[in-house]
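Remarks on the structure that follows.
Labels below follow one simple rule: chain letters A, B, ... track the order of the sequence lines, proteins then strands, and each chain is numbered from 1. Fair warning: this is a prediction, and the values are worked out from it, not measured in the lab.
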Protein chains: 2
Amino acid sequence: MVVTLTLQAESSEGKRLSDSVYETMLSAIISGKLKPGTIVSEVALSRQLNVSRTPVHDALRQLAKDGLVQQRANHRAVVAEFTAADIYDLYQMRKLLEGEAARLAAKGMDRATLARLRETANSLAEDRDNPKWGALWADFDEDFHNAIAESSGSPRLCQDIARYHLLHRGFNKLGTTPEGLEHALEEHVRILDAIEKRDPKEAQRAMVDHLQEWQAYFVRHFRKKSSE
Amino acid sequence: MVVTLTLQAESSEGKRLSDSVYETMLSAIISGKLKPGTIVSEVALSRQLNVSRTPVHDALRQLAKDGLVQQRANHRAVVAEFTAADIYDLYQMRKLLEGEAARLAAKGMDRATLARLRETANSLAEDRDNPKWGALWADFDEDFHNAIAESSGSPRLCQDIARYHLLHRGFNKLGTTPEGLEHALEEHVRILDAIEKRDPKEAQRAMVDHLQEWQAYFVRHFRKKSSE
DNA sequence: TTTCGTGGTTTAGTATACCAAACACATGAG
DNA sequence: CTCATGTGTTTGGTATACTAAACCACGAAA
């Protein structure tokens, strides 16, 4: 299967080419254009993106560090594949980290952010017939979890959460149901309620419960897929 | 100040040169040979290590991703400096992650590992006049925290703990007192006791308390240093 | 004395070239 | 037909070359 990729627009801004390649690859993976198991070749990529191998090489090393591609000893790099055990472990980490972040955010989130999240959640709930609902949801989900992480006041916690959220988005697209997303939206509202009440315990519990449901869903999903 | 570096021995094994450079830099930073604030130049490093700039460039990017060096827009990279707030944040993460690991290890650590840790702890307690006690302690500390992380059964938790423990070692050498280390040894024994009793709550609490003390100590230490 | 060029030097980023290792396919022996 | 072997191709890792940008030091002008 041939996948066409083009460098993203922000490449023109005075950034590094290797960063542009990184972001291009990243969004290709998390959008599902590059599926798990796909082998990526440095030369092929560099030709497609009209850059030399050097920045591509750099980008792949970074992606490998993120866990989004695996650089095998075979001189071959593949887009990371997730087993059910991987997914389980990933969500164990998300529950731990984001539960803590939610707890802290209940104390620290400012009113403006809280209002913005609530507004977006409301508009999403009323706009469920929008054909682009899935994409809107993904943006909100990103914003939501990111805002809570930042409200924790811990830069490292924030960074680690972002890293795991990236992995989450990496296979997210492989299988979600509209009902699942609507249910998740309700859970987000529950978390927001707890934060607004400034109830750390409840915020943490709501976040952990929320992630628990995703965890169960995806683990089931991946077990099914690997057994067929 | 001139710092002499040589590639570590494992460079000969079929690994990547860039990984060897990475490990060399890493140990130079965590051992204190390369002090925070030192500017590192790719050409200077490549000459010192007798490799080309390419693997050095790679290694620096990886170290930047770890937060051990900062790549400034100026085309200059410096060894990361820690502020008191950084230290605080770092230990907040360690308490969260390693507390969880200790909790899980109380359920999952096998008897052989437990026995090995206890034996090392005992021999350290009796050997406190050894001139190399500091180095022996560092090895034990590494082994101890690593063993608990692995006993958690979560690969990602293990990996993240290792990453933060690395940062810990990065400035650890900058100031510890013999009394502090002996006290820490006692705390380790408390954690081992809890694990042996298979008491997850107590193991977690003991670990968090232990890290809390380091946190308070280092934050105090760094505040003092930055104010002088 | 201070300030603003100005050119040489050094930096990191990128492109290109080279190489050893590993793959893939074909061909031959059994 | 199967399996081993050999060879051409492709891979990623490394070295080297080139470039643009940033630093630095020195000098001229205010």
Side-chain angles (χ1 to χ4, degrees), chain A residues 1-3 5-8 10-26 29 34 37-80, chain B residues 1-3 5-26 34 37-80:
Chain A
M1 179 192 61
V2 176
V3 180
L5 296 175
T6 43
L7 268 191
Q8 306 206 333
E10 55 256 81
S11 59
S12 49
E13 304 170 21
K15 300 199 308 182
R16 285 187 265 255
L17 255 185
S18 57
D19 286 341
S20 298
V21 174
Y22 173 81
E23 284 163 22
T24 303
M25 292 285 297
L26 190 62
I29 293 176
L34 278 175
T38 309
I39 64 175
V40 290
S41 145
E42 292 187 358
V43 286
L45 258 180
S46 63
R47 264 203 289 266
Q48 270 212 329
L49 302 177
N50 278 314
V51 297
S52 85
R53 270 184 52 216
T54 312
V56 174
H57 182 75
D58 257 41
L60 285 181
R61 296 290 308 255
Q62 303 294 318
L63 289 165
K65 195 139 199 159
D66 287 334
L68 281 162
V69 310
Q70 298 173 344
Q71 290 183 306
R72 299 180 177 167
N74 318 353
H75 276 193
R76 256 173 189 78
V78 305
V79 177
Chain B
M1 181 193 59
V2 176
V3 179
L5 295 176
T6 42
L7 266 192
Q8 307 206 333
E10 53 257 80
S11 59
S12 49
E13 304 169 23
K15 301 197 310 181
R16 284 188 264 257
L17 255 185
S18 58
D19 287 341
S20 297
V21 175
Y22 173 83
E23 285 164 23
T24 302
M25 292 284 298
L26 191 62
L34 277 175
T38 308
I39 64 174
V40 291
S41 145
E42 292 187 0
V43 287
L45 259 179
S46 63
R47 265 202 289 265
Q48 269 212 329
L49 302 177
N50 278 314
V51 296
S52 85
R53 270 184 53 220
T54 311
V56 174
H57 182 75
D58 258 40
L60 284 181
R61 297 289 307 256
Q62 303 295 317
L63 288 166
K65 196 140 196 163
D66 287 334
L68 281 163
V69 309
Q70 296 174 346
Q71 289 183 307
R72 300 183 176 165
N74 319 354
H75 276 194
R76 256 171 188 80
V78 305
V79 177

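- As judged by a 4.0 angstrom heavy-atom cut-off over every strand, S41(A) is placed among residues touching the sugar-phosphate backbone only.
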Step by step, would you call Q62(A) with S18(A) a side chain to side chain contact (heavy atoms under 4.5 Å, CB included)? CA-CA 10 Å; Q62(A) 303 294 318; S18(A) 57; over 6 Å; no
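- Per the geometry, CD belonging to E42(A) stands 14 Å off C1' belonging to dA15(C), to the nearest Å.
- Taking a 4.0 Å limit (strictly below) on heavy-atom distances, residues 58-66 of chain B does not reach DNA chain D anywhere.
- Residue L45(B) forms a side chain to side chain contact (heavy atoms under 4.5 Å, CB included) with just one option from M25(B), H57(B), R53(B), and that option is M25(B).
- The distance between atom NE2 of H75(A) and atom C1' of dA21(C), rounded to the nearest whole Å, is 6 Å.
- Looking at heavy-atom distances under 4.0 Å, R53(A) makes contact with a base.
- Rounded to a whole Å, the CD1 atom of I39(A) is 11 Å from the P atom of dC23(C).
- The only option from D19(A), D66(A), D58(A) that meets the salt bridge (Lys or Arg N to Asp or Glu O under 4.0 Å) definition with K65(B) turns out to be D66(A).
- Remark: Q71(A) engages no residue in a side-chain hydrogen bond (donor to acceptor under 3.5 Å, both in side chains) (not counting sequence neighbours).
- Following rounding to the nearest Å, H57(A) (NE2) and dT14(C) (P) show an atom-to-atom distance of 13 Å.
- Heavy atoms of V40(A) sit under 4.0 angstrom from primed sugar atoms or phosphate atoms, though from no base atom.
- Chain A approaches DNA chain D within less than 4.0 angstrom (heavy atoms of the protein), and the contacting nucleotides run 5' to 3' from dT11(D) to dG13(D).
- Rounded to whole Å, atom C1' of dT10(C) lies 7 Å from atom CZ of R76(B).
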